[in-house]
Amino acid sequence: MKRLDSKICIVTGAASGIGRASAELFAAEGATVIGVDIAEGVDVADEQQTQALAERVLAEHGRIDVLFNNAGVSGVGDLAETTLEQFEHVLRVNVRGVFLMSRAVAPAMTAQRSGSIVNMSSAIAETGLGRRVSYAASKGAVLAMTKSMQVDLAPHGVRVNALLPGTIMTPFVERYLRESYADPEEGRRSIRSRQLTGELGAVEDVALAALYLASDESRFVYGSGLVIDGGLSAGKG
């Protein structure tokens, strides 16, 4: 048997990066994957769209086994640099999106008395990093929300966990390096120096962690924050 045989999985932010790698891995492990992305017109921060998505999946497949709340945006800037509009945009996608998607699928999961919700937080939720005030606020909120949601949903057989990646080489990070450094390689060296491995993570590193939390292998894992950061957090200790 494959690790996600017969499971119906929703992956948000599935068009690129970690979301795409996870959707492909889930499918390879036997899941039916419904991948959605803002690039395809699905806004996870829109209440009507999230409800319609959950209803469509239920109508077509009869159940929802896994929700991977991966969709998100980054925010670069310190307290003075970050405008209210920028701050609210990051929280709208990263926090409101997780809330609405989770609320949309929770009734189906509680009715079937099983399910796994995997939320994308970040190592930044527990480790300070300069010029990330909006992003840190959003990912800290996701981690706290994960734990609270777990308390509510545990009696119904639904697990809720979070992923806390460090710096992963995604299209966003590539763009950030090009735009923020005259020499992108200097930026890579700076980021690598924060992690004990001396290397940046790959999207597959996070996808494998998401697969674990989505699968029944993690049946005894409730309300946790799984760190995949190449030693960033340990190095700060």
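None of these values were measured; they are calculated from a predicted model.
In terms of modelled atom types and a separation under 3.5 Å, the side chain of Ser122 and the main chain of Ala125 share no donor-acceptor contact. Judged by distance alone, the side chain of Ser218 and the main-chain N or O of Ser215 form a donor-acceptor pair under 3.5 Å. In this structure, Gln150 contributes its side chain and Val158 its backbone to a donor-acceptor pair below 3.5 Å. In this structure, the side chain of Asp229 does not engage the main chain of Pro165 through any donor-acceptor pair within 3.5 Å. Formation of a donor-acceptor pair under 3.5 Å by the Glu47 side chain with backbone atoms of Leu100 is not found in this model. A distance-only check finds no donor-acceptor pair linking the side chain of Arg189 to the backbone of Pro184 [under 3.5 Å]. Side chain of Asp65 to backbone of Ser116: no donor-acceptor contact under 3.5 angstrom is found. No side-chain donor-acceptor contact under 3.5 Å links Asn70 to the backbone of Val11. A distance-only check finds no donor-acceptor pair linking the side chain of Glu217 to the backbone of Tyr212 [under 3.5 Å]. Of the possible donor and acceptor atoms, none in the side chain of Asn119 sits under 3.5 Å from a partner among the backbone N and O of Asn69.
The hydrophobic cluster containing Met120 also contains Leu213, counting ILVMFWY residues as joined when their side-chain heavy atoms lie under 4.5 angstrom apart, directly or transitively. Hydrophobic clustering (side-chain heavy atoms under 4.5 Å, transitive across Ile, Leu, Val, Met, Phe, Trp, Tyr) keeps Met149 apart from Val118. No chain of hydrophobic side-chain contacts below 4.5 Å, direct or via other Ile, Leu, Val, Met, Phe, Trp or Tyr residues, connects Val93 to Leu67. When the side chains of ILVMFWY residues are joined at heavy-atom separations under 4.5 Å, either directly or via intervening members, Leu58 and Val36 end up in a single hydrophobic cluster. Linking ILVMFWY residues whenever their side-chain heavy atoms come closer than 4.5 Å, directly or via other members, leaves Leu208 and Met169 in distinct clusters.
In this structure, the side chains of Val203 and Ile168 come closer than 4.5 Å at one or more pairs of heavy atoms. Annotation: side chain of Leu53 is in contact with side chain of Met101 (closest heavy-atom distance under 4.5 Å). Taking the side chain as every heavy atom from C-beta outward, Leu211 and Arg3 approach each other to under 4.5 Å. Side chains of Leu177 and Ile191 form a contact here, defined as non-hydrogen atoms less than 4.5 Å apart. Side-chain contact between Lys139 and Val95 is absent, with no heavy atoms from C-beta onward closer than 4.5 Å. Under the 4.5 Å side-chain criterion, counting only non-hydrogen atoms from C-beta, Leu226 is not in contact with Leu164. Looking at heavy atoms from C-beta onward, Ile10 lies in side-chain contact with Val57 at the 4.5 angstrom threshold. A heavy-atom distance below 4.5 Å is found between the side chains of Leu153 and Thr110.
Rounding to the nearest 0.5 Å places CD1 of Ile34 at 7.5 Å from SG of Cys9. The distance from atom CG of Leu163 to atom CG of Asp205, rounded to the nearest 0.5 Å, is 12.0 Å. In this structure, CD on Gln51 lies 6.0 Å from CZ on Arg103, to the nearest 0.5 angstrom. A distance of 13.5 Å separates NZ in Lys7 from CD1 in Ile64, rounded to the nearest 0.5 Å. To the nearest 0.5 Å, atoms CD (Gln195) and OG (Ser233) are separated by 9.5 Å. If you take CG on Asn161 and NZ on Lys147, they are separated by 9.0 Å, rounding to the nearest 0.5 Å.
The minimum heavy-atom distance between Ser224 and Thr146, with the atom names listed, is O-CG2, 4.4 Å. The two atoms that bring Ser102 and Ile117 nearest to each other are OG-CG2, 3.9 Å, heavy atoms only. Nearest heavy atoms, Asn94 versus Gly72: OD1-CA, 3.1 Å. In this structure, Leu196 and Gly231 approach most closely via the heavy-atom pair CG-O, 3.2 Å. Between Ala123 and Leu232, the shortest heavy-atom contact is CB-CD2, 4.1 Å. Across all non-hydrogen atoms, the minimal contact from Val90 to Gly75 is CG2-CA, 4.1 Å.
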Which atom pairs, one a donor and one an acceptor, fall under 3.5 Å between side chains of residues 127-135 and the rest of the protein, sequence neighbours left out?
{"residue": "Arg131", "atom": "NE", "partner": "Glu81", "partner atom": "OE1", "Å": "3.0"}
{"residue": "Arg131", "atom": "NH2", "partner": "Glu81", "partner atom": "OE1", "Å": "3.4"}
{"residue": "Arg131", "atom": "NH2", "partner": "Glu81", "partner atom": "OE2", "Å": "3.3"}
{"residue": "Arg132", "atom": "NH1", "partner": "Gly130", "partner atom": "O", "Å": "3.4"}
{"residue": "Arg132", "atom": "NH2", "partner": "Tyr176", "partner atom": "OH", "Å": "3.4"}

Quick one: side chains of residues 17-28, donor-acceptor pairs under 3.5 Å with protein atoms, not counting sequence neighbours, listed by atom name and distance.
{"residue": "Arg20", "atom": "NE", "partner": "Glu24", "partner atom": "OE2", "Å": "3.3"}
{"residue": "Ser22", "atom": "OG", "partner": "Ile18", "partner atom": "O", "Å": "2.8"}

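Tested against Thr167 for a side-chain hydrogen bond (donor to acceptor under 3.5 Å, both in side chains), the candidates Glu199, Arg192, Arg194 yield a single pass: Arg194. Exactly one of Gln49, Gln48, Arg92 qualifies for a side-chain hydrogen bond (donor to acceptor under 3.5 Å, both in side chains) with Asp43. That residue is Arg92.
Within 6.0 Å of CD in Glu60 there are more than 12 heavy atoms belonging to other residues, nucleotides or ligands. Within a 6.0 Å sphere centred on NE2 of His89, other residues, nucleotides and ligands contribute 12 heavy atoms or fewer.
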